[in-house]
Each structure stands twice: as structure tokens, then as C-alpha cells.
Amino acid sequence: MKILKFGGTSVGSAENIRRIGEIVLNQQEKIIVVVSALGGVTDLLLNVAQKAASGGKITDEFIAIHARHDEIIAALFRGPNVVQTVESLKPLFDELEKIVQGVSLIGELTPKTLDKILGFGERLSSLLISRYLNVPLLDSISLIKTDRNFGKANVDFESTYKLIAEASLNIDQFAVAPGFISSASDGSMTTLGRGGSDYTAALFAAAVNAQQLEIWTDVDGFMTADPRVISKAYTIPNLTYSEAMELSHFGAKVIYPPTILPVFQKSIPIHIKNTLNPLGNGTLIGQPETVGKEHPIKGISSISGISLFTIQGLGMVGVTGISMRLFGALARKEINVILISQASSENSISFAIDSHFAGVATEAISVEFEREIATGSISKLACENELSILAIVGENMKHSAGIAGKLFQTIGKNGINVVAIAQGASEQNISWVVKNSDLRKTLNVVHEAFFLSPYIELNIFLVGIGTVGRDLLDQISRQQEKLRKDHRLNLKLTGVANSRKMIFDRDGINISSLKDTIIQSEVKSDMKEFCRKMVEMNMFNSVFVDCTADEKVANHYLFALENYISVVAANKVAASSEYSRYRALKEMAAKHGVKFLFETNVGAGLPLISTINDLMHSGDRIVRIEAVLSGTLNYIFNTLSKDVPFSKAVRMAKEKGFAEPDPRIDLSGIDVIRKLVILARESGYRIEKEEVGNNSFIPQKYFSSTMEEFWNTISEMDDIFEKQRLVLESNRQKWRFVCVLDQGKASVSLVVVDPGHPFYDLEGSNNILLLTSERYNEYPMLIKGYGAGAAVTAAGVFADLIKVSNI
Ligand code: ADP
Ligand code: ASP
Ligand code: MG
């Protein structure tokens, strides 16, 4: 015989009930089908009951429950069967209505009445399904005997097993039974607790010594984590009973915890299957020898809405019986303690319970320890709320060293504060407590660290979708598939802002439709709000990418780094601002184990900063840097000719997208100074922009005028440059705007170079860097290539992103 249990979703629509028919009626052996209420109906009933008790109107919920059943009946049955089935359910609805009326008249809802009301869900669904399958209906209420602990009754196994075994003798091949409901010896209806239909099925299985218990639900099996939170969770093929027990104890709702014991005692395997995907393998839960041992950690589960109590006092040290009294007091109030952690000094003990019971627990403990609290030997009873418990579970954990170390290192590195820790003595689980607001992030981080998730995810928050930002997005969408396939790296765009609007999506923004999405967004762009939201989303592996040239954006880097979010900046404002600010950002990144990268600040995509970093890290010392770092200026000076005067060349540089939005930042040498300052700092020199010598090649007045005046007057320089150009041409010489760092002293100037000079052949907007270090001394290192342009800059930003993800 087999027991098949179908949960709320599985019985929640006509289509799914038809699936049940196909799954059940094709089997050869005897089968008892245990069913839940239609999905959501128990919650509606709970609402009805509570509202009735407080005098509220309940018509809507009542109509909703009725409609759910009627709709399914209309879709499943044909001809006179429709009316007959509706009629057969009618007495139940009438009974329910009367009880609810009673509750609203008296204005009180006892636990006993609540059980009675909640039980209607299963009574209705089982009747409906037994009629659809055309098989007899068993009466679980009279077969499953319990005490009178309404809400979550304790089963009397002996009489239950006997009654079920007797009833099973009369089953021809199939029977349907409602889950969840039971009765006490005086006949009062009881329930087995929310989610209790699984338990009903296990009781049936144990009573008839079934060959298998099948739990049919709405996911592909027991998964490495709750798939509603971790989209990358995957099905665990095998679990031992105790692993399943631990995972469900710590919140994996897929199976109700008490379900496991009855079938474990009889060594009946549990098979978790998906009604919506019957051909999937599902999860097999059984004895250790029958299930695989591939992975030390099998799954993570979690419960939110937890309160953590701490009792502290010198009076607790070495006094036997304190814990016994403490947990005895809680047990008498039927409070389930989920986690206990005791300091080794014994002067404090912490335990976690469901927050709903926090008030009752405080009262119970205060009464139990009244004397100790009065005398001061217990000095503190503290309760912290809005917490969550997480647990990683696996029987093989005890054979693998270093799991706890790796776990807490991973959590710490992501800026998550652990409030309490406990390790089961069986070493099958490690559980710990974090704030509710850190739960999702913690689950993600731990899942990624332990479960060989198909992907490592990088959550990108991008500001600026002008030329560089747009190219970056193009490159990301082109590379996304390959990175996923070859490197398990999933680049996910989770937030975007331009100067007008911003959008967020924790599941990833579609890059191809971004333009429309951002136009349609109703959220005005605001950097402070953008960063607040980015932190609030609290996603692990987040990176803030700045593709603007805006000081206002750069002002938020420290906030991001403080919140354990890496920063990749194409914007050079921050790295070239005051030295103290640059230092503070670097230090915050190092302290929080995140990255602050800005390779494209100098030489666009050329690996200048990373080369200097590599040399420095390996113990080299940078002695001298000589470079042409302004793609714009190089382009301008290379473009000057008889036909292209100076002012036109400046305009062309701007049109080609080489120049800064305000080209004077290039012309004044400021842009190169910023770059040189960054290189010098990365080379270990403490330097400010004001300390860089600058011999400007155009008069100051152009820099103090407005942009418009600048464009109107800059042609005044054309003649001067043309005269000089002719001289240079006759000498076969060239202009180069060169910057030099020598033993920490820095300067920039326009120089004239002869043929044969390494900078002589430097086409278009290219950059070149000549680097002399202690190692590269006689022959300096030379790096040369495109030093400006959206595509190469975007590629450099992309390279930084890859560095953040550490693949
Ligand atoms: P049913 O109505 O079939 O009894 P439940 O809602 O009680 O279904 O349990 C199934 C749900 O449990 C899944 O939809 C999933 O969201 C949740 N769940 C939580 N943790 C896990 C896990 N580790 N594996 C699978 N499902 C889980
Ligand atoms: N219908 C009950 C509930 O929602 C029992 C179950 O679904 O297992 O809690
Ligand atoms: Mg369930």
C-alpha cells in the first residue's frame, strides 16, 4: 500500500485535480490519497473566524471560499454531477455558516471552535476529490485520535494506528482522506497544527506499514533552500530522516516536522514529488545507508519572526538545575524553543522562540525566577525581536573540518552581524541568528558559498547611461551568456539611474528594454535615494558602478563601501580629490573586504593602474613615470594641420567623444593632472593636485570665461598655433602633452619631441606610459594604446567588474 498526500496547490485548481486523477488512478497497488484544503482556504477560514469574533463583516471571505469550490466543481464535473456535487457540499457550508454566526453572536473564539472552523477546508476538499475520483472517503476525524490540545493536538498513536489499520481492510483499491483534522476521545474535533496534512499522511503510512509515503507538492522536491527566496536553489536528490527533520525544524515548509517520526520508526521512505512536474525525480528521504552522501551540507533553512532571550547573572554559574527550571517553565506554556546557546562561562544563556510567544515567555520566566531576580543573582532578562534563525544541515558535516569557520567568515565578509550561534551536539546542523532584514542576504551568501550554485551572482547598480554606460551595458549583454557558461558568473543589473530617472529590480533589469523601462519609470533620479535603496535591497555581491563625471555621484562611494558594496568608478573625481578622501575610500574598502576600483580613470581601458598595483604588491618601487595621458590633447595636436586650425581640432575632439563634457578640463591640463595624481598615489606617493607643476599652453582667461564665451573666442589661438606648427613641421618635430612623476615630484607640460623619441609616434588619441621601477630600470616598461573612447573605457569598467566578482 502507498499513501499519497496532495497539498494546497495540488488540489487548488481543476487542472491540478485532473493531474491527481492521472497520477493516482494509473497505479496498481492500494492507495490512500490524503488531501489538504484548497490552497489558501485555511487562511480564509482563519480570517472568517477572527473577524466573526471581533464583530467584523465576513461576507467577502465566505463568498470567496464558496466560489473557489464552485468554480472547480463547474470545471471538473459534467451534467447532473455538477449540481449533485454542489448539493453534497452544501450541508458543510451550512454548518460552517451556523458556527460562524455563533462565534459572531457570542463575540468569542475558543481554540476548540477555531479548530472546528479551520477543519472545514479539508472536509470540503476531500469530499470534492473523492467524488471526482469516484472513490470512497475515509473519516480522518474519527480515525486519528488526539488529546485536547486544540490548535496542535498530540496524537494517541496506539489507538490511531489501530483504527486506521482496521479501516484500511475495507479499502478496495483507492480511498481519499482529509488531512489535518482529528478528534479527541470525547469526540471534539481537533487539528494537527498548520501544515498538518503531511502528518496525517505519515500516520496513515505508519498505521498500514505502507511501502512508501509520497508527499506531492508545488516544488520539485526538498530543495537546497526555499526556492521562493533563492531562485538558484536546486532539488536535493536524497536526504536522511534526520537531515529532513532538521531542515523542516528550522523552517523548510515543504514538510511539516512531526511528519518524519512515524515513518522513520517504521523505515518507510518518503518521496517528495511535484504535482506540476510528475516526471521529475523529486527527493527521497530514507535511512542513511539507502541515501547518498555526496555533499557535507545538504540544505539551508530559515525562520523569521524570532525573539532571542538572554538571561544573565552570576547566580547562574555552577548552579545545577537553572536550565531545567528555565526550559521547564517554557514547556509548561507549550513554548517551542528553537535554539539554545550557552556561554562557556555559564553566566548567560540565550534561547530563541517564535516572537508570538515573547510576552508569555517573559511572564513565565519572571515568575519562575522571581526570587533570583529580586536578589540580583539573575541580573538581566533581555529580549531582542525581529530576528531570524538560519540553519545549515548535513549529516556529513561532522566529517568535514572547517565548515563553521568558512560559514562565519563568509557571513562576516558580507557585513552581516551574527546575533547568536548554536551547534547541535550531533553536529548535523549549525544554526545562527541574524536580523530579519539580513535574512535574504544571508541565505544568498551562504547558498552561494556552500552549494556550488549554478552561478556566482554580481548585482550591478549602475549610475550613468551616457556613452560609456551604454557601451558597458552592450558589452555586458553580449558577454552575459558566455560568462554564465564558462565562469558561472551571472552579471545582473539590479539598479540603474540616469540624470532623470531611476529603476530597481532585484530579479534583474532586462538590458535590451532598459531604454523604455527607464523612460516609463515614475521614480525621479536622486543619488542619495538611489544609494539608500541599494543598501536597503541588501543584496550580497553588490557593486556600485559610476559611469558619470559627476561629483555628486562620487560623494556616495564611502557610503557604499561602508555598507559592504564594492565601487567601480569611471569617474575620476573621487580618486583625484584630496588625498585624505582617496585614502579614506581605500581604507574603508580594505576594512570591509570589498573593492574600490577605478582603472579607467587613467588611460581608459589600458591596464596602467593594475600594472602599477601588481608591481607594488610584488615588492617593486616606482621611480619614474613619464606619460602622455590625454587622449584628447594628443588627438588635438595630431589633428592640427594647414586645414584644421586649433579651434576646429578642439571641436572635433569634443564631437568624437574624446573630450570631457567641458573641453577646458582637458585644455587646462587639469584632466591630466588628475590622472597623474592617481598614478602617483597608486605608486605610493602622497600627493595633491596643487602640488603638480603646470605650464599652461593657453592663457588663463579662457578658463575663467563661460563655455559660450570660450567657444566664441578660442579661434583667437588659431594663428599662434599655426605659426608654431609650421616651425615644428619644418623640424619634423611633434607636440606632446607630457606628464612626469619623478621620485614623487610631478609636473605636466606641452613639450616638443624629435623623431626617435618613444612618444614621437603616438597616433590619434592614443596614450603611452613609460614606467621606470627598481626592477624595470635600464629598460623602462612601456604601455601604449587607445587612451580614450567609450568602447575601450567601458571595456575597462567591465574588467573591473570581473575583478570584483573574483572569478
Ligand atoms: P503544500 O501546500 O503542498 O503542503 P507547502 O506550501 O506547505 O506545500 O510547502 C511547499 C513550499 O515550501 C514550497 O512552495 C516552498 O516555497 C517552501 N519551501 C521552503 N523551504 C523549502 C525547501 N528547502 N525546499 C522546498 N520547498 C521549500
Ligand atoms: N490546510 C492546512 C493548513 O493550511 C493543513 C495543510 O495544508 O497541511 O495549514
Ligand atoms: Mg504543507
Side-chain angles (χ1 to χ4, degrees), residues 4-13 16 19-20 34-47 49 65 68 114-115 117-126 140 144 151-153 177-182 190-203 213-237 239 243-260 270 272-277 280 282-283 285 297-304 390-394 439 443 446-447 451:
L4 272 59
K5 179 257 167 175
F6 291 90
T9 309
S10 312
V11 299
S13 68
N16 289 351
R19 288 199 169 105
I20 296 179
V34 175
V35 295
S36 295
L38 312 192
V41 163
T42 315
D43 286 320
L44 284 170
L45 287 164
L46 181 62
N47 257 338
I65 298 172
R68 287 285 304 279
L114 180 60
D115 267 6
I117 294 175
L118 295 188
F120 277 95
E122 270 71 8
R123 288 171 73 190
L124 289 161
S125 67
S126 58
S140 302
I144 297 181
K152 192 178 176 183
F180 184 51
I181 47 181
S182 45
T190 55
T191 64
L192 302 176
R194 294 302 307 270
S197 294
D198 299 335
Y199 192 22
T200 306
L203 294 169
L213 165 63
E214 293 180 8
I215 305 279
W216 289 78
T217 182
D218 59 355
V219 282
D220 272 335
F222 226 118
M223 308 186 76
T224 48
D226 187 342
R228 275 182 294 204
V229 186
I230 307 286
S231 52
K232 293 172 291 178
Y234 54 88
T235 311
I236 310 167
L239 282 173
E243 286 169 338
M245 183 75 188
E246 298 271 0
L247 283 169
S248 63
H249 173 77
F250 285 104
K253 192 189 168 201
V254 61
I255 200 161
Y256 181 52
T259 308
I260 294 161
I270 309 174
I272 316 260
K273 298 270 290 175
N274 188 353
T275 311
L276 312 173
N277 175 25
T283 300
I285 303 171
I297 309 292
K298 290 287 187 66
I300 330 172
S301 48
S302 64
I303 317 174
S304 52
L390 294 99
I392 51 172
V393 171
L439 174 62
L443 278 167
V446 175
H447 195 269
F451 290 98

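FYI, the numbering just counts along the sequence from 1. As the structure lists them, so they are numbered: ligands from 1, and atoms in each ligand from 1.
At a heavy-atom distance under 4.0 Å, only side-chain atoms of K5, from C-beta outward, approach ligand 1. By the criterion of a heavy-atom distance under 4.0 Å, the side chain of V219, and not its backbone, is placed next to ligand 1. If you look at K253 next to ligand 1, the close heavy atoms, those under 4.0 Å, come from the backbone and the side chain alike. Counting heavy atoms closer than 4.0 Å to ligand 1, residue P227 contributes side-chain atoms (C-beta onward) but none from N, CA, C or O.
Summary of contacts: the protein heavy atom closest to atom 12 (O) of ligand 1 is V254 N, 3.4 Å. If you check which protein heavy atom lies closest to atom 21 (C) of ligand 1, you get D226 CA, 3.7 Å. Nearest non-hydrogen protein atom to atom 2 (O) of ligand 1 is G8 N, 3.0 Å.
A donor-acceptor contact shorter than 3.5 Å links the side chain of T190 to the backbone of S182. Of the possible polar contacts, one joining the K273 side chain to the G280 backbone as a donor-acceptor pair under 3.5 Å is found. Although no hydrogens or angles enter the test, the distance criterion places a donor-acceptor pair under 3.5 Å between the side chain of T200 and the main chain of F180. Side chain of N16 to backbone of T275: no donor-acceptor contact under 3.5 angstrom is found. Put simply, the side chain of E122 gets close to the backbone of A37: a donor and an acceptor are under 3.5 Å apart. Looking only at distances, a side-chain donor or acceptor of Y256 sits under 3.5 Å from a matching main-chain atom of L192. A donor-acceptor contact shorter than 3.5 Å links the side chain of S140 to the backbone of P178.
Per-residue contacts place A252 under 4.0 angstrom from the following atoms of ligand 1 (heavy atoms of the residue considered): 20 (N), 23 (N). Residue T217 has at least one heavy-atom neighbour below 4.0 Å for each of these atoms of ligand 1: 1 (P), 3 (O), 8 (O), 10 (C). Numbered from 1 in the order shown, with element, the atoms of ligand 1 that lie under 4.0 Å from a heavy atom of G221 read 24 (N), 25 (C).
For a threshold of 3.5 Å applied to N or O pairs, the pair formed by D198 and ligand 1 contains no separation below that value. At least one N or O atom of M223 sits closer than 3.5 Å to an N or O atom of ligand 1. Between D218 and ligand 1, a contact under 3.5 Å exists for at least one N or O pair. At least one N/O-N/O distance between R228 and ligand 1 falls below 3.5 Å.
Residues T191 and D115 bring a donor and an acceptor atom of their side chains to less than 3.5 Å of each other.
Partner of N274 under the side-chain hydrogen bond (donor to acceptor under 3.5 Å, both in side chains) criterion, chosen from T283, D220, T9: D220.
Between Y234 and H447, the ring-plane angle classifies as perpendicular under the 30° and 60° cut-offs.
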When you check ligand 2 against the protein, what N or O pairs turn up below 3.5 Å? List the atom names and distances, or just say none.
residue  : atom  : partner : partner atom : Å
ligand 2 : 1 (N) : T42     : OG1          : 2.7
ligand 2 : 1 (N) : E122    : OE2          : 2.6
ligand 2 : 4 (O) : T42     : OG1          : 3.2
ligand 2 : 4 (O) : R194    : NH2          : 2.9
ligand 2 : 7 (O) : S36     : OG           : 3.4
ligand 2 : 8 (O) : G195    : O            : 3.3
ligand 2 : 8 (O) : G196    : N            : 3.4
ligand 2 : 8 (O) : S197    : N            : 3.0
ligand 2 : 8 (O) : S197    : OG           : 3.2
ligand 2 : 9 (O) : R194    : NE           : 2.6
ligand 2 : 9 (O) : R194    : NH2          : 3.4
ligand 2 : 9 (O) : G195    : N            : 2.8

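Proximity of S301 to ligand 1 is not established, as no heavy-atom distance is less than 4.0 Å.
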- Stepwise, does the side chain to side chain contact (heavy atoms under 4.5 Å, CB included) test hold for L247 with L239? CA-CA 10 Å; L247 283 169; L239 282 173; 4.1 Å; yes

- Message: Go through it in stages, so that I can follow the logic: the residues are S125 and V41, the test is side chain to side chain contact (heavy atoms under 4.5 Å, CB included), and I'd like the CA-CA distance, side-chain angles, deciding distance and then a yes or no.
- Response: CA-CA 10 Å; S125 67; V41 163; over 6 Å; no

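A salt bridge does not link D198 to K253: none of the charged nitrogens lies less than 4.0 Å from a carboxylate oxygen.
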